S.K.: 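Below is the structure I would like to discuss, written out as structure tokens.
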Amino acid sequence: MHLIDFIVFIAFTLGVVVFGCSFFKKGSSADEFTSAGHSIPGWVVGMSIFATYVSSISYIGYPGKAFAADWNAFVFSLSIPIASYFAAKYFVPFYRHSGSVSAYTFLEEKFGAWARLYASACYLLTQIARMGSILYLLAVPMYILMGWDMHTVIILTSIAIIIYSMMGGLKAVIWADAIQGIILIGGAVLCLGILMFSMPEGPMQTFELAANSPMGNKFSLGAFTSDLTTSTFWVCLIYGIFINLQNYGIDQNYVQRYHAAKTDKDAKFSALFGGYLFIPVSALFFLIGSALYSYYQAGVATLPAEIQAKPDYVFPYFIVNGLPVGLRGLLIASIFAAGMSTVSTSVTSAATIILTDYVRPFFLKARNVADRLRHHDPQDHHQHQKLELAIVRLSSFGVGILGACVAIAMLSVESIIDAWWTLSSIFSGGMLGLFLLGCIPAKISRLAVFLGCVAGVLVIGWISLAEMWSLPGIHLHPYLAIVLGTSVIFFVGFLATYLVQGIKNKYYTTKIRQ
């Protein structure tokens, strides 16, 4: 890396950390740390939601996917408007008036403590897997650029993110996300422009070569068949609808941002703005992947065989060898912007869940009651607030370390986007089904919901392990784990309610007759 590129990259990374730490406020409370004081403008929250979507998984994984195959994964983005609409109309008002920053409090109110613990545990597993995937992709360009040890890069990047997440809380994360989101869009647009205008016969050659690839049309959105064992258009679309409804409906990352907005109107705008902005930007990343294919196919430059065999490395390799001095540093900085914003979001939201769903109910419950009874003792209340703030900061540190460990374990993964989508489908555990049961106005039996969750987890386990363990029957695509898991939880819970009620009625009728 040229000295100028190195200076640009270091200045940006340190700038983000210093900017995040500038939000440190002495004497702040855990509630202010986790909800940003309900003071953030709608467009900033929307940019933060967008930046959470566009992680380094998108920045490197999407171009790698389009380079090696086609635009099938873009179908995921096409499902976002559906989730954004439901979020603005139903989810945002629901959570803004729920009285709790946790996305899972109402599950306990509806079905008992086990439901809250189940959903929050699934969420924590999903976020740790996501942090690991992103930290891995942050290390890739630095390995290609300067040969730095990927383990070292992962550890140092994790420390930088943990520091400003712990110091500034959600307010620092959201404002940093907004700035990083603008930088990553600018970097991607510049990169695409250089790729297309470097083609020997002009920009249109990019589309001609990609559309007429020997492997088929690289702009294809996938087969429109009913095959559920491969990643067809319909499999990706259904997966996208379920995962995005889950993101907007029960993902703490998003719920926390609904609370951070100044007003209900700002919160609704942020849900729509962040989701809709992701569609053209994700198309931009897929177009970069197609342009990379055409760029090397046209012979503008040579791509080593070892890089071509690892699609996630192709875009970083182009950045190193195909961009002018200065712009390389900016692109690497924008990749870090994408990754750091998402990881910091996961760190803060996971720490919030640890406090609200585990520490408060089980370790600080008696103290909370005591606080309500002793309003006349502000000193005691202040000490309690300091304790909670210390717990949430310590949790941020612990979650960040776990994410770094997962990233190191992922160093041998071939396609990070496939790995992440599979893990998210499994770890999500059908949380959306539980959430939908909770939204039904009719009274749903707690026992029936529990049976539905058990059935859903068994289905998810079967889909996830069928091919690995060579189990009998049809081996469905792993992306469908969340689809079928959610459906089984919802329908079994709904139908079992009537079964349980029927058994109870029969029992009481018999007792009366006796």
Side-chain angles (χ1 to χ4, degrees), residues 1-17 19 46-67 74 77 134-135 137-146 153 157 160-161 175-198 203 206 274 277-292 295 301 311-345 416-417:
M1 182 187 277
H2 193 278
L3 179 61
I4 295 176
D5 296 317
F6 185 77
I7 291 172
V8 169
F9 167 70
I10 293 297
F12 170 80
T13 305
L14 291 179
V16 169
V17 175
F19 178 74
M47 280 299 299
S48 177
I49 289 175
F50 159 75
T52 300
Y53 257 115
V54 185
S55 63
S56 48
I57 294 176
S58 306
Y59 218 115
I60 296 179
Y62 283 179
K65 202 68 172 159
F67 173 86
F74 177 65
S77 304
I134 294 165
L135 287 168
L137 285 174
L138 288 178
V140 169
M142 302 314 297
Y143 167 74
I144 296 174
L145 274 169
M146 291 176 290
V153 174
T157 306
I161 294 170
W175 277 101
D177 283 356
I179 295 171
Q180 289 164 326
I182 294 169
I183 292 172
L184 68 89
I185 293 174
V189 169
L190 283 172
C191 190
L192 179 63
I194 290 173
L195 275 168
M196 295 185 69
F197 284 95
S198 298
T206 297
L277 182 59
F278 180 74
I279 298 173
V281 175
S282 63
L284 172 64
F285 288 122
F286 280 100
L287 189 53
I288 287 174
S290 301
L292 284 167
Y295 180 86
D312 290 335
Y313 284 21
V314 175
F315 189 26
Y317 179 84
F318 167 77
I319 292 172
V320 174
N321 297 279
L323 297 183
V325 172
L327 190 55
R328 277 181 298 196
L330 176 63
L331 259 294
I332 295 299
S334 64
I335 292 174
F336 263 72
M340 291 176 72
S341 66
T342 307
V343 175
S344 62
T345 294
I416 195 63
I417 192 169

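Residue numbers start at 1 and run along the sequence shown. The structure presented is a predicted model; accordingly, all values stated were derived computationally and were not measured.
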S.K.: Given the rule in the side-chain contact (heavy atoms from CB on, under 4.5 Å) test, do W175 and S48 qualify, once you have shown the distances and angles that lead to the verdict?
M.R.: CA-CA 7 Å; W175 277 101; S48 177; over 6 Å; no
S.K.: Closest heavy-atom contact between F50 and G181?
M.R.: CE2-O, 4.0 Å
S.K.: Once rounded to the nearest 0.5 Å, what's the spacing between atom NZ of K65 and atom CZ of F74?
M.R.: 15.5 Å
S.K.: Please identify each residue that fulfils side-chain hydrogen bond (donor to acceptor under 3.5 Å, both in side chains) with S290, with sequence neighbours left out.
M.R.: W71
S.K.: Would you find a donor on one side and an acceptor on the other, under 3.5 Å apart, between the side chain of R328 and the backbone of V320?
M.R.: yes
S.K.: For the residue pair A188 and L284, what are the closest heavy atoms and their distance?
M.R.: CB-CD2, 3.5 Å
S.K.: What is the distance from atom OG of S282 to atom CG of L287, rounded to the nearest 0.5 Å?
M.R.: 11.0 Å
S.K.: Should F67 and I288 count as side-chain neighbours, where that means a heavy-atom distance under 4.5 Å?
M.R.: no
S.K.: Could you report the tightest heavy-atom contact between P324 and I194, atom names first, then the distance?
M.R.: CD-CD1, 4.1 Å
S.K.: Using 0.5 Å steps for rounding, measure from the CE atom of M47 to the CD1 atom of I179.
M.R.: 10.0 Å
S.K.: Tell me, please, which residues at least two apart from F318 pass ring pair (Phe, Tyr, Trp, His ring centres under 6.0 Å).
M.R.: Y295
S.K.: Compare every heavy atom of D5 with every heavy atom of G329, then report the nearest pair and how far apart it is.
M.R.: N-OD1, 3.1 Å
S.K.: If I compare all heavy atoms of F19 with all of A176, which pair ends up nearest, and what's the gap?
M.R.: CE2-N, 3.8 Å
S.K.: Give, for atom CG of D312 and atom OH of Y62, the distance between the pair rounded to the nearest 0.5 Å.
M.R.: 12.5 Å
S.K.: If you take all heavy atoms of I279 and S77, which pair is closest and at what distance?
M.R.: CG1-O, 3.6 Å
S.K.: Is there side-chain contact between V153 and Y143, with at least one heavy-atom pair below 4.5 Å?
M.R.: no
S.K.: Check whether any side-chain heavy atom of P316 lies under 4.5 Å from a side-chain heavy atom of I60, and answer yes or no.
M.R.: yes
S.K.: Do the side chains of D177 and S344 get nearer than 4.5 Å, heavy atoms only?
M.R.: yes
S.K.: Evaluate V281 against F285 for side-chain contact (heavy atoms from CB on, under 4.5 Å), listing each step before the verdict.
M.R.: CA-CA 7 Å; V281 175; F285 288 122; 3.5 Å; yes
S.K.: By the definition side chain to side chain contact (heavy atoms under 4.5 Å, CB included), identify the one residue from L292, L323, L190 that meets it with L195.
M.R.: L292
